[in-house]
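Remarks on the structure that follows.
Quick note: numbers below take in every heavy atom, side chains included, and nothing from hydrogens, waters or symmetry partners.
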Amino acid sequence: METGSSVSKGVFAYKGKKKSVNPEKYFPKSETVNTWKRRLETYQSLWESVDTEIQILQSDLNTKIFDDLLKFTKTCHSRFTLSSQTGDSRTKEIPTAALVTGVNTPDHGVMFATLVTLLQERVSPLVAILQSKDCNNVKNTLSKLLGQILKNPQLFEDDEDSPEVNQKNLPISLATLADWYDDKYTLNHSSPKKRKSEEGDLVDIQILPPVIMVFEDLESFQPRVLQEFITICSNYLSQLPIVFVFGIATSVSAVHRLLPNAVSSTLCMEKFQAPPSTEYLTLLINQILMTKHCPFKLGSRVFKLLLDIFLYHDFSVLNFIKGLQFSMMDHFLSNPMSQLCCPLEELPNQTKRMNSDELELIRQLPSFMRYVESCSLERQAELLTDDAETKIEVLKLVTEIHTYREEFYPILRCLHTLVSKLPKQPLGKQLREVYATVLGWNMEENEDYQISLDLLKFMSKDELIGLLRGCGSCLGNDLPSSLKDIPVSINSLLDRFDTLHEQVEEDEEETTDSPVIQKTDLHSLKKRLQELEKKKKKLSPYEKLRTECVDYFDSLFRKYLVSPKALPLHELLYYDSASTVRSHLTASPRAAVQLALGSSHTYLRNQTESDNSGTISPDIPDVCIVYKLHMECSQLINLYDWLQAFITVKTSNDEENDDQVKNPDQVLQARFIRAVSELQFLGFVKPTKRKTDHVARLTWGGC
Amino acid sequence: MAAMEIEEENPVKNISKKISCRNQQIKTLVSLIGQREQVAPPTLFLYGHTGTGKSLVINSLLQTRELPHVMVNCVECYNQRFMYEKILNKLQGLRSYMNDPDSYLKCDNMNDFIRMFRQVCEDRGLTKQTVYIVLDKAECLRDKEINILPAFLRLQELTHQNVCVVLMTEIVWEKFRTGTGYCEPYILNFPDYTKDEVLTILTEDRPEGCEADFYSMYLNLLLSVFHMVCRDLREIRYLASLNYDQYCQPIKTGDVLASDTRKLWKNIEPHLKKALQTVYLREVSSSQWEKAQQETEIGETPSLQGLSSRNHVELPYYSKYLLIAAYLASYNPAKTDRRFFARNSGKVDRRAKLIKKHERTSNHMLGPKQFPIDRLMAIFFSIVEGKVSPTANIFVQISSLVSLNMLGQVAGDDQIDTPKYKCLVSLEFIKSVSRTVGFDVLRYLYDFV
C-alpha cells in the first residue's frame, strides 16, 4: 500500500488474484429448475464439435491458395547459393507474393497465423511477420525483423552448441542478418552432425531456406518506411534469399500507390487471390448451419440479423462465427429446458432425467400448448397431468423435429435450384436467402413463393428440363428413406418430357383448321382475335405436363418445407431472440446516451418518473434536466435563459419559487454549470463565438 | 615507363570489355584514381539516372584493382552512428559482429570517427594507399545531421589521410548546396544510354544459344514499342526477358523461320501492345504472364486478374455508401449540401447559375477537400436506402476505410474533437462502386450538374 499513498493522488491498479469463474453464477437465479449443469455440458460439447468443424472448413478453404503460395516461396530462390556472390552483375528482383485477402480485416489475423505456421513447417524456419503498427520507422522494422528471425526457437533445436545470439548488442541492420545467415548455413553444412542426418538426400543440402517476410497489412504501412526498407532489402539480395509476402486488402494497385517506380522495379510480383469471404460464409452456412448434425439452429430473425451484419457491415466471417457462438450461449443460458437441444443419441437419456418441475416448464411453452389443444380431450388431460406420458410425448416430438430436419434440407436445396435462376429471383439467389425465408415463412401467405411458382409455369421446355436435372443431382445419394422415391419421380417426369414431342405432333394436326383470313374491318378483327384467344386456352400437352410438374413440386414443398415455428417444441432447438443478439452485437453508443439522458428511469430503475410526461420532474439528475431543456432550444442557446429554466424546474416543488428565481442559489448555479459541461463533454453543445453568453447545439432537431 | 603505361591501360580495357558504352567515364575515373599511392581528389561526385552504370563502373574498378574501399548505402543508415561503425568495421576487415564482438568498434560522432579512422588506417597499414569510401544514394545525407555532408567532403583535409570519398546519387550537385563549409567535389556525369547503346547492352545478356543478330532484331522490335514510354534499362531488360519466349514461340513450333522477321513481328506485336499497358507495374511474374498469354491464344477470356480487374474491390454494403458519401463531401462545396440532400431544395436562380458555371473551377481539378465526420454522416444518412441506426458498426467501417487507404484522416485523433477526413479514391472507382448499389453518383456531384 505504500506505493498507493504517494504524492500524487491517482488511481492505482493492483493485479489481483485471478478469480476462477464459477459458471453457476452466470445462470439466472430466478429459475425454478436446476438444469444448469446439464445445459452447460451440452453447450460445451456442442460448441466444441461446431468449432472443430469450422476449423477443418477453414483450413480446407485456404488449402489451394496456400499450396500455390508455398510452392512459390519454395521455388523462387531454388538457385540461390551463398558462394555465387561474384559474377552475376545483373540486378536481381525480390520475389514477391501479393496475397489479395479482401476487405474483411478482422479475419486476417487467423489467416496469416495459419500461413506463417505453414511456411515455418514446410518452407523455411526463417519467417518474420511485420505489422504496420510495429513499423513506424526503418529501425523498428529492422529490429522487429531481426528479433523474430534470430530468436526463432526452431533454429536452435538441432544444434544446441551454436552460440545464443544476444540481440541487445547487435547492430540492427540487415548486414547483421546476412552475416548471421552466412555463418549459420555455411557452418551447418560443415558440421558433422548435420551431414549425417541429411546424407540420404544430397540435393536438399543445396537448397538454403529463404528468408520470408510477411507484411500483414500493406496498406497501413507508411510509404516512406516501406520504400526504404525494400530498397535496403534489395541491396542484400545477393547475400540473403529474401521473399516478400504482401497482404493486400484492396487490390494490387495499392502497391503502386505506396511505392514509386524506382522501388517497385526491384520487386517481381506474383498475385495470389484468396477466396472471397462470401464464399467462405456460404460454405460455412451450407456445411455447418444447414446440416442435420448440429441440433442447435438459428431461427429466421437471428439468422437474418447475422447475415445482415455480415453483408452490410464487415464481411467478416470471424464475427459471424462469434455471433453464432453468442446465440448458442444465450440459448443455453436463457432457456431453462435447453438441455434437450442435444444430439439425437443422448435425447432419451436427457428426457429420462427430467423431473416434474421441468415438465411443467415444457407444458408452459406456447408451441406445446398449441399442440395439446389440437389433441383429443382425453389426451389433453393425460399430457397435462401424467408426467410419464408427457416425457414420452416430448421425446417423440423432439425426435420428430430431428427427422423433419433430415427431410427439410434436401428439399430446400431442391427449391433453391428451382427458384435461383428465375427472373428477378423473388425468393433470392443464394441458398442462404432462400433458407432465411423458409425459416420464417408462412407458406400460404408468402407472395414471393406464389410468384416463383407462377414464373416456373412459364418456363420453356429446355429450361425446365435443366432445372429438373439440377434438382435430381442436388438431392444426392444419402437421402432419408422417406424421400427415396423423389428422385424416381423426378426421373419419370424427365422421361415424360423426353417422349413429349411424339404426342405433340399428333395434337397439332387437330388444331390446323386455321381460319381463312378475309378482308374485314377493325372491329370484327378484334372480335375474332378475342375468340381465338379463348380457344387457345386449351393447353398443349407440354403445358399440361409442366403444370403437373410444378404442382408436384408445390405439394412436396408444402409437405416438407414447413416453417420450424409451426412445430411443437421448436423453442428448444431454434434460437430466435433477435433483440438480445442485436443489443449485444450491434452497439449503438449514441442511442444509449440519448436513452440515458432522455429517460433516465430506464437505467435508474425508478418507475415513478416514467409516467409524468410533458413536464420535467425535478428529481431526475441535473444533466438530464439540462438535456431535456436544451432539446427545446434552437441552434444557439442563451445560457442565462437556460439557467433560469433549470432553476424553475428544480424549484417547482417549493412554495416561494419567485424569490429563488430572482436570486439564484449559488449551489444550483454551480450544479447547472457542471451539468452543461457534462453535456459539452458528451458532444451535445459547444461554446461559440458568434454570440456572447451562448452555446451552440450540435445535434439536429428542436424548433 | 612503358610498364606503367601497360598497367594503366589494361584495367581500362578489361573493364571496358565487361562494361560497354561507358568508355569515357571509365577513362576519366582511371586517370583520377591513378596509382595506389597517388593522392586522389578528396571527393568524387557521380550522378546520373538509375540504371546508368554508376555503381557497376565504380565497383568493378575498385574490385579489379583491389583497392582498399568501403561501400555504404546511405538509405540503410538510419542514424549517423550506424554509418560510422559500418565504415570503420568494414575497413578493419571485421566480417561480422558475431565472430569478434570485442574488436567491434563503436563510434557515435564525427569527431570520434575521424580519430578512429586514422587509427584504423594506421593499424591496417593503409597510410600510404588511397582509401575509398563509396557512399551510394548520397542524397539521403542531406536529411541527416547538418555536419555530416561537409565533413565527408573535407575528409581528406580533416584526417590528413589519403582518402577519397565517392558520392553517388541521382540528382545534380546544385541540389546538395544547402549549408556552408562545402568543398567542391570533382563532378562526373553518367548520361542516359542512347537507344543504340541500350541495344548493345541488352544484346550482351541474351540467353544462351541465341544468335546475336537474331536477338538484336528482337530487341529492335521491342524498343520500337517501348522506347517511347520507358528508357529505364532495368525495366526494358525485364520486358525483354518477359516477352522473349513469346517471340520465339512460332520458331519453336516450326511455323516461321528465324529469318522471317515480318511474320515474327506480326506475331509479337499484339502481345507487346498489351504489355505496354502494364509497363512499370510488375504485377505479374513471367510465369504468370506466359500462362495468361497461352490462355488468350486458346481463346479463353484472360483470367489474369492482374491485368483485367486491377481496381476491383468488394466492399460491404454500408461501406460502399459511406465511401460515396465521403466522396460527395470531398468534392462538393459544403454550401451545396442543402441543394442536393435537403428534401425541398432551394431553387437556384437561373442567372446566378449561368454566371457560376463560368466562374467556378472544377472541384475535381483542385483535389479532395477535408470534411468533418458530422457532414459525412449527414450525407450518408440522406443517401442510404432504408433506415439505418448509427451503431458502432458504422463508425468502425469508417476507420476500416481509413486503414484501407480509401479515406485519409486529416485531423483530430479522437472522437471528441471531431475528426476530419478526405476521400482518396478516384472518380472512376466511385462510379463503379455506386453502380453496384444502383446509385447515380453524378447526379449529386456539383461539377457535373
Side-chain angles (χ1 to χ4, degrees), chain A residues 89-91 93 95 98 102-103 105 137-139 163 165 169-176 179-180 182-183 217 219-220 228 231-232 235 249-257 261-262 264-265 267-271 273 276 278 309-315 586-591 681 683 698, chain B residues 18 50-51 56 60 73 75-76 78-79 82 85-86 95-99 101 104 136-137 170 205 232 234-235 237-238 280-288 305-306 309-319 374 378 389-397 400 403-406 415-416 418:
Chain A
S89 66
R90 273 178 66 168
T91 41
E93 295 149 345
V103 295
T105 34
N137 60 36
V138 177
K139 190 183 169 189
V165 184
N169 300 329
L170 283 177
I172 298 164
S173 79
L174 268 191
T176 319
D179 291 338
W180 174 85
D182 194 35
D183 277 358
D217 44 351
E219 277 99 341
S220 320
E228 287 186 8
T231 323
I232 294 171
N235 288 337
T250 49
S251 64
V252 186
S253 53
V255 177
H256 303 294
R257 235 187 352 237
N261 171 39
S264 70
S265 66
L267 303 175
C268 173
M269 277 196 278
E270 196 151 330
K271 186 177 159 184
Q273 179 90 47
T278 39
I309 293 176
F310 178 84
L311 292 173
Y312 287 151
H313 290 295
D314 53 8
F315 274 170
T586 61
S588 56
R590 169 136 176 222
F681 177 71
L698 290 171
Chain B
K18 268 200 279 178
T50 166
L56 184 65
S60 26
N73 192 327
V75 179
E76 211 178 323
Y78 44 82
N79 59 23
F82 185 85
E85 286 178 7
K86 191 161 176 168
R95 212 174 59 78
S96 89
Y97 174 79
M98 270 159 285
N99 286 350
Y104 186 84
D136 201 355
K137 301 255 181 336
E170 286 173 32
D205 54 41
D232 189 353
R234 261 203 249 173
E235 194 66 34
R237 189 181 264 157
Y238 169 78
Y280 284 127
L281 291 184
R282 309 235 174 176
E283 274 171 15
V284 284
S285 69
S286 38
S287 66
Q288 271 188 331
Q305 282 149 337
S309 60
R310 286 191 41 233
N311 282 317
H312 180 72
V313 178
E314 198 60 54
L315 283 173
Y317 187 73
Y318 287 146
S319 292
D374 299 338
S389 55
T391 58
N393 278 347
I394 301 274
F395 294 105
V396 165
Q397 282 177 65
S400 83
S403 76
L404 294 176
N405 258 346
M406 290 176 171
Q415 285 288 319
I416 291 174
T418 50

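For A:Ala591, no part lies near chain B; criterion is any non-hydrogen pair under 4.5 Å. In this structure, chain A has heavy atoms under 4.5 Å from both the backbone and the side chain of B:Asn393. Interface residue B:Phe82: only side-chain heavy atoms are found under 4.5 Å from chain A. Interface remark: A:Ser173 contributes backbone and side-chain atoms alike to the contact with chain B (heavy atom separation under 4.5 Å).
Heavy-atom pairs under 4.5 Å with chain B were tallied for A:Ala587, A:Pro95, A:Ala254; the largest tally goes to A:Ala587.
Side-chain contact check for A:Asp314 versus B:Gln397: every heavy-atom pair is 4.5 Å or farther apart. Side-chain contact between B:Pro316 and A:Phe315 is present, with heavy atoms from C-beta onward closer than 4.5 Å. Within the 4.5 Å cutoff, no side-chain heavy atoms of A:His313 are placed close to those of B:Val396. Residues A:Arg257 and B:Asn405 form a side-chain contact, since some pair of their non-hydrogen atoms from C-beta on lies under 4.5 Å apart.
Rounding to the nearest 0.5 Å gives a distance of 10.5 Å between NZ of B:Lys137 and CD1 of A:Ile232. Taken from CD in A:Glu228 to CD in B:Glu76, the straight-line distance is 11.0 Å, to the nearest 0.5 Å.
Among all heavy-atom pairs drawn from A:Pro589 and B:Ala392, the shortest one is CD-N, 3.8 Å. Nearest heavy atom pair, residue A:Ala249 against residue B:Leu404, reads CB-CD2, 3.3 Å. The two residues B:Ser403 and A:Ser220 have their closest heavy-atom pair at O-OG, 3.5 Å.
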